[in-house]
Every structure is written in structure tokens, then in C-alpha cells.
Amino acid sequence: MTWRLLATPDAAPAPGRGRVVAAVHGLADNGSTWQELATRLGAGYRWYAVDAPWSGDPGRSLRDGALPARWLRQALAAVPEPVDILVGHSFGANAVLDHLATRPEPPVRAAVLIAPLVRPEEQAPHPVLIARTRAAIREVVADGLRARLGPRATHVADDVLAAMVDKAVARVPDGAAEVVLERLLATPRPALGRVGTPTLVLAGRSDQRLAGVRASSLAVMPAVETRIHPHHGHFCHITQATEVAAECAEFLDRVVPAPSPTGPTLEVAA
């Protein structure tokens with residue numbers, strides 16, 4: 001398992017700020033999704049990103065594989081230095097959530113969950129929910145494509161964009177829909193009430209895919225802060241990277257204070 005260090009161009013870590021972040025992407029995405037957020041959060045953090053089994057790489061499959069939390073536990077053992085902060089987006093946020101619910105050792109000091117997949121406690125599973133979730137997977141892939149295109153998306157013809165979405169959806173790992181449904185229907189659950197890790201949950205009210213206002217159902221976690229913004233979409237860590245970075249910095253400076261300088265600053269190159 002290879003974690004890539006995301007480096008801010010022409011920037012070295014600031015003195016006394018060596019907090020280590022391990023970041024896990026969402027379905028049919030990859031580790032490069034974190035570059036914008038890592039750049040804006042600043043050089044005081046060292047970001048490690050990994051391409052998870054649910055990435056959009058050809059030939060990937062989630063059938064008969066390890067559950068996301070089990071995979072994450074194994075993957076974290078390969079990070080070359082102790083991890084202070086776990087960050088996850090969408091399906092990756094659920095892997096982080098499930099990992100924390102197992103009360104792992106050694107524990108991380110904080111977590112950030114962006115647009116996690118959750119189901120309100122009062123909403124029982126039913127066929128309509130399952131059908132909507134399957135449709136939402138395609139919509140999330142389309143949202144991610146538009147987020148990466150940015151302003152260029154307005155200049156792409158509808159039929160061309162649809163073809164690009166079809167191609168991206170074709171790269172969704174085999175068995176992904178079943179695993180997403182299983183994790184969605186597993187929340188909320190009693191184990192979350194034992195997660196004492198300070199956790200920031202960011203979601204968008206306009207995100208009607210798999211997160212949105214449903215993120216408030218994670219209030220059962222004793223050390224959680226949930227912030228739902230009207231204008232944030234499912235890929236707010238890209239489309240609103242500056243805002244998300246500011247919220248992460250404020251939260252992390254409170255719960256994971258930067259250590260005082262004790263000697264020469266270690267410069268890490270990608």
C-alpha cells in the first residue's frame with residue numbers, strides 16, 4: 001500500500017507545525033482529490049493520500065474484499081510516520097467513521113468527515129431508498145467530474161459531458177453499489193456513541209446525493225461538530241476548498257494544537 005505525500009509547491013513546513021494527515025478519497029475518485037485542500041490548509045501539515053480499492057482505476061473490485069474499515073486499518077500501518085489526523089470524503093469518510101468506531105490503537109487525535117454517507121435513525125431502509133442510492137452513485141460521479149472541470153464545464157456540450165460521465169461511471173469498481181448500500185444502511189449504529197475522537201463533519205444542504213442534512217444524524221458522537229452549509233455540494237473540498245480549509249484549520253488548531261518548536265524543522269519533499 002503506497003501513500004503519496006502531497007506537497008505544497010515551493011513551501012516547506014512551518015516551524016513547530018508537523019501535524020500528519022492521512023486522507024481517504026470517495027468512490028471512483030483517487031488521492032489527487034486532496035491537492036486543492038492540502039495546498040490551502042498550508043505547509044504546516046503533511047498530507048498523505050492513497051488510492052483506495054474503491055478508486056476509479058481499471059480492474060478494481062470490491063467484491064469479496066476487506067470491509068473499508070479493515071482495509072483502512074491495514075493501510076494506515078503503511079504510513080511512514082504516526083498519523084495525527086484522519087480525513088475522509090464521501091465513501092472514504094465512512095471508512096474513517098467505521099475505523100474510529102472500532103476504537104483503534106494507536107488512536108488518531110482528530111478526524112474530518114466531508115459529505116459522509118449517512119442514514120437518519122428514523123428513516124428505515126426501504127426499496128425506494130435503495131433505488132435512490134444506486135442512482136446517486138452515478139450523480140456523485142458526475143458531480144466529481146464537473147468539480148474537476150470547474151468553469152470549463154460550462155463550455156462542454158451536454159452530449160459530450162454525458163459521454164464523459166458514462167466513461168467515468170464505467171470505471172466504478174465492481175461491487176461498489178452493494179458496498180455503498182451496506183454502509184449507508186448501517187448508519188446510525190450504537191458504536192458511534194463510543195467514538196471519542198474530536199470529529200468535524202462538513203456537509204452541504206444542497207447536496208441531495210448521499211449526505212446533506214442527514215449528516216446531523218451523527219450527533220450521537222460525543223465529540224462531533226457538524227456544520228451544514230447551504231451552498232456546499234458533495235465535492236465542497238474542491239469547489240469550496242478555501243472555505244473548507246479555513247474551517248479545518250480553525251477546528252484542528254483547537255483540538256490538535258501545533259507543537260512548539262523543539263529543534264530544526266524537518267523538510268519533507270514529495
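Atoms considered below: every heavy atom in the structure, side chains included; atoms not considered: hydrogens, waters and symmetry mates.
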**Student:** With no hydrogens and no angle check, is any side-chain donor or acceptor of W3 less than 3.5 Å from a backbone partner on A75?
**Tutor:** yes
**Student:** Is there a side-chain contact between R40 and V244 in this structure, where contact means two heavy atoms from C-beta onward sitting under 4.5 Å apart?
**Tutor:**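 In short, these two side chains do not touch, never coming nearer than 4.5 Å.
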**Student:** Decide yes or no for L97 and L218: does some side-chain heavy atom of the first lie under 4.5 Å from some side-chain heavy atom of the second?
**Tutor:**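 SC-SC contact between L97 and L218 confirmed.
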**Student:** Are I85 and Y45 close enough that some pair of their side-chain heavy atoms sits under 4.5 Å apart?
**Tutor:**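 Side-chain contact under 4.5 Å: yes.
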**Student:** Once the angle between the rings of H89 and H237 is folded into 0 to 90°, is it parallel (under 30°), tilted (30 to 60°) or perpendicular (over 60°)?
**Tutor:**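 Because their plane-to-plane angle lies in the 30° to 60° range, the rings of H89 and H237 count as tilted.
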**Student:** Side-chain contact, heavy-atom cut-off 4.5 Å: L37 with W47?
**Tutor:**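 Touching, per the 4.5 Å side-chain cut-off.
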**Student:** Working to the nearest 0.5 angstrom, can you tell me the gap between T2 OG1 and D51 CG?
**Tutor:**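 Output value for this atom pair is 9.5 Å.
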**Student:** Nearest 0.5 Å, please: how far is OG1 in T33 from CD1 in I114?
**Tutor:** 8.5 Å
**Student:** Quick one, E243 and H232 - any side-chain contact, counting heavy atoms below 4.5 Å?
**Tutor:**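 Contact flag for E243/H232 side chains = yes.
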**Student:** How far apart are the closest heavy atoms of L192 and P222, and which atoms are they?
**Tutor:**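 Residues L192 and P222, closest heavy atoms: O-CD, 4.0 Å.
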**Student:** Locate the shortest heavy-atom distance separating G204 from I228; write the atom from each residue and the value.
**Tutor:** C-CG2, 4.1 Å
**Student:** Roughly how far, to the nearest 0.5 Å, is CG of D253 from SG of C248?
**Tutor:**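 Between atom SG of C248 and atom CG of D253 there are 11.0 Å.
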**Student:** Are F251 and L202 side-chain neighbours, meaning at least one heavy-atom pair lies under 4.5 Å?
**Tutor:**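 No. Closest side-chain heavy atoms not under 4.5 Å.
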**Student:** Within the 4.5 Å heavy-atom criterion, are V87 and V96 side-chain neighbours or not?
**Tutor:**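 Of all side-chain heavy-atom pairs linking V96 with V87, none is under 4.5 Å.
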**Student:** Give me the atom names and distance for the closest heavy-atom approach of F91 to L27.
**Tutor:**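 Scanning both residues completely, I find the closest heavy atoms to be CB-N, 3.9 Å.
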**Student:** Are any non-hydrogen side-chain atoms of V24 and W54 less than 4.5 angstrom apart?
**Tutor:** yes
**Student:** For R227, does the CZ atom have more than 12 heavy-atom neighbours from other residues, nucleotides or ligands under 6.0 Å away?
**Tutor:**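 Yes, because the 6.0 Å sphere around CZ of R227 holds more than 12 heavy atoms from other groups.
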**Student:** Tell me if a side-chain donor or acceptor on H25 pairs with a main-chain N or O of A52 at a distance below 3.5 Å.
**Tutor:** yes
